[in-house]
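Only a predicted model underlies this, so the values are computations on that prediction, with no experimental measurement involved. Numbers for residues simply follow the sequence, beginning at 1.
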Amino acid sequence: MPYFTKDDVDLYYEYHPATNASDKTETIILIHGLAFDLRTWDRMIPFMGNYHILRYDFRGHGLSSTGNEPFNDVNFVDDLFSIITLLCIKKAHVIAHGAGALIALYFTKCYPNMVQSSVLLSIPLFLNEDSVNKYTSYRKSFSSIQALADHVLSYATLFQKGTPELNKLYESYFRTTVDVYYELIDYFLHHHLQIKAMFKEQRIPLLFLTGEKDVMYPTYLSSLIASANPVCRYMTIYDASNMVFYDQPEETFRQIQKFLNSYSQHSEEIQADPLLQHLHADFFQLRESQELKADATLTVNLIGRFDVLIDDVHVSYGWGRRYAKDLLIYLLFNPSVSREQLCADIFGEMDATKAKGQLRVCLVHLKKLLNNDENQFLFIDKKQVALRGNVQSDLQIMLNRLVQATNEKEQPIKFDAVQKIFQNATPAMFIYLNHDWSLHIRTKAEIQLLYLAKEQAAYLLSRGELTEAVTYFKYALMFNEDDAAILHEIANLYEQANHRAEAIKWRERASES
């Protein structure tokens, strides 16, 4: 087996020569993600026959040993450089996934002359440090590699549990220890600003691919990260989640190969046009100024009562005037929208000319409430309105948890997730989603909550916890109060618990529905 021993670490690698090699055949280096191994590239390798391929397990993963040295960028870069030197590779393209993309950035910074181009797949970068801390804290709440694998793999790929494709990914996870996982998470957390700066500053041709169905790093967030680098091309792979090369290997490499064949010509075209350079410089200057002012946090609470805070300071007055509340709630769920669409959704009954004038007045009022000159939460031009920066909402957090709980396959994890959701459930929780534009959001959420409440009740019944099951059946009634089947089920459970008066009451209610 091809191992390279470096100090106290055995590094496992595989080298695949091109099918019809020549002096002009180029090399591609593949770097896997956190808790994966080089086997994750198996599905894409068959489409890469025109290139020499080097892939390896980085330390602490797959068949490579962990060693006694701490995990840091110096060791990761030196490991890869040592293998490349061993194989006499002078220059290569680098394709990397997840945390492997962070290693690729470090390597490119240290050895820019050895990297022809970089293709980064679902790179774990965030807009601010608060997001990084939340992300790592949540990952570190799982106490075993099994729990981590169950959580991550349910989102990383579209393959379902029990399939051979997903079983292979579980095998790679079980070769990694929790200690290794968390040590790497902590390292990348503490160096996030440095890594983000490297990404922004890299000028070697760069392609950023993300999956259409990636819920861990959604496309709209990944596109914002990609826009920080002026030479970066960004593309979405459809019908794929985080591991685009695993869900759609042929399409992923087809796009990569188009990039490899065309990046040099693209770079020359951009450099040749001074006007484009000037326009791009304006854009990046605007983006930099927005990032510098991104420290303020806008919090909009919609569950229980409407409340707006900027850095924990309440903005208490002015929300009842000039559609301020309606506009802010709309922009929470539609963070980038045309003025035309905004007028249609908020002022639909008005004459078009009057609606445009009304919107102009209302946006001025909303900017004042948000102290926009300082905080820059709102971006407004002649055609577009956007809500940007550190913005959070309790209702949006709940809706995200609702999606995660609905998709969760492991019952113990799902049980805990559903419990947390219903801790804040009230009949009035969607009171502010009461306009035509938001009814589909509300309806979908209510259907999901109804389903989860029934599923949770059934699970509790299977454990013999009748009282708790009744509680969740009552939660279900919040979203379908006249459901006779649920009413009869509650009556039956009260009878089993010898609460006859309650049983009669619920039976009567069922007969009236």
His32 NE2 to Met243 CE distance, which is reported to the nearest 0.5 Å: 10.5 Å
Under 3.5 Å: donor-acceptor pair, side chain of Asp351, backbone of Thr353: yes
Arg339 side chain near Lys356 side chain, heavy-atom distance below 4.5 Å: no
Leu328 and Phe377: CA distance, side-chain angles, deciding distance, side-chain contact (heavy atoms from CB on, under 4.5 Å) verdict: CA-CA 11 Å; Leu328 182 58; Phe377 291 124; over 6 Å; no
Note, Thr40 side chain near Phe245 side chain (heavy atom, < 4.5 Å): yes
is_close_aromatic(Tyr173, Tyr170), centroid dist under 6.0 Å: no
Euclidean distance, Leu120 CG relative to Thr210 OG1, rounded to 0.5 Å: 11.5 Å
Over 12 foreign heavy atoms within 6.0 Å of NZ, Lys409: yes
Test item: His191 side-chain N/O and Asn72 main-chain N/O as donor-acceptor pair under 3.5 Å: no
Arg388 to Phe379 six-membered ring, cation-pi geometry met (6.0 Å, 45°): yes
Main-chain N/O of Phe430 paired with Arg442 side-chain donor or acceptor, under 3.5 Å: yes
Whether Phe208 and Phe199 hold their rings parallel, tilted or perpendicular, with breakpoints at 30° and 60°: perpendicular
Enclosure of Lys91 NZ (heavy-atom neighbours >12, cutoff 6.0 Å): yes
Considering all heavy atoms, the nearest Arg43-Asp247 contact: NH2-O, 4.1 Å
Beyond-backbone contact of Leu30 with Leu38, side-chain heavy atoms, under 4.5 angstrom: no
Polar side-chain atom of Ser117 near backbone of Pro205 as donor-acceptor pair, under 3.5 Å: no
Chi angles and distances behind the side-chain contact (heavy atoms from CB on, under 4.5 Å) call for Leu369, His365: CA-CA 6 Å; Leu369 292 179; His365 179 61; 3.7 Å; yes
Shortest non-hydrogen separation from Met478 to Ala425 and the atoms involved: CE-O, 3.6 Å
Minimal non-hydrogen separation, Leu366 against Leu331, with atom names: CD2-CD1, 4.3 Å
Short side-chain to backbone donor-acceptor contact, Glu410 and Pro412, under 3.5 Å: no
Heavy-atom pair with the smallest gap, counting every atom of Leu359 and Cys343: CD2-SG, 3.6 Å
From NZ (Lys454) to CG (Leu477), nearest 0.5 Å: 9.5 Å
Partner set under side chain to side chain donor-acceptor pair (under 3.5 Å) for Gln202, not counting sequence neighbours: Ser118
Give the table of side-chain donor-acceptor pairs shorter than 3.5 Å for residues 103-115, with sequence neighbours excluded, one pair per line with atom names and distance.
from: Tyr106; atom 1: OH; to: Gln194; atom 2: OE1; distance (Å): 2.8
from: Thr108; atom 1: OG1; to: Ala104; atom 2: O; distance (Å): 2.8

Flag, side chain of Glu250 to backbone of Gln248, donor-acceptor distance under 3.5 Å: no
Full working for side-chain contact (heavy atoms from CB on, under 4.5 Å) between Leu80 and Phe76: CA-CA 6 Å; Leu80 179 55; Phe76 279 122; over 6 Å; no
Backbone of Phe306 reached by a side-chain donor or acceptor of Tyr432 within 3.5 Å: yes
Distance in Å, Thr27 OG1 paired with Ile53 CD1, rounded so as to fall on 0.5 Å steps: 8.0 Å
Donor-acceptor contact present, side-chain Asn334 to main-chain Tyr330, <3.5 Å: yes
Heavy atoms from other residues, nucleotides or ligands near CG of Asp312 exceed 12 (cutoff 6.0 Å): no
Exercise: identify the closest heavy-atom pair between Gly318 and Ala324: O-CB, 3.8 Å
Residue Lys161 excluded, over 12 heavy atoms near NZ under 6.0 Å: yes
Shortest non-hydrogen contact between Ile145 and Val178, atoms and distance: N-CG2, 3.3 Å
Asp307 side chain to Asn301 backbone, donor-acceptor under 3.5 Å: no
Output field: ring centroids Tyr187/Phe71 closer than 6.0 Å: no
Trace of the side-chain contact (heavy atoms from CB on, under 4.5 Å) decision for Arg322 with Cys362: CA-CA 5 Å; Arg322 294 179 176 171; Cys362 292; 3.9 Å; yes
Mutual orientation of the aromatic rings belonging to Phe159 and Tyr246 [parallel < 30°, tilted 30-60°, perpendicular > 60°]: perpendicular
Tyr472 and Glu455, any side-chain heavy atoms less than 4.5 Å apart: no
Close side-chain approach of Ile421 to Tyr475, heavy-atom, < 4.5 Å: no
Distance in Å, Arg401 CZ paired with Leu399 CG, rounded so as to fall on 0.5 Å steps: 11.0 Å
Geometric class of the His61/Phe58 ring pair [parallel <30°, tilted 30-60°, perpendicular >60°]: tilted
Beyond-backbone contact of Leu209 with Ile256, side-chain heavy atoms, under 4.5 angstrom: yes
Atom pair OH (Tyr234) and CG (Leu206), whose distance is rounded to the nearest 0.5 Å: 12.5 Å
Main-chain N/O of Ile303 paired to Asp394 side chain as donor or acceptor, under 3.5 Å: yes
Note, Arg55 side chain near Ile28 side chain (heavy atom, < 4.5 Å): no
Results of salt bridge (Lys or Arg N to Asp or Glu O under 4.0 Å) for Arg254 - residues two or more places apart only: Glu251
Sub-4.5 Å side-chain heavy-atom contact between His314 and Leu309: yes
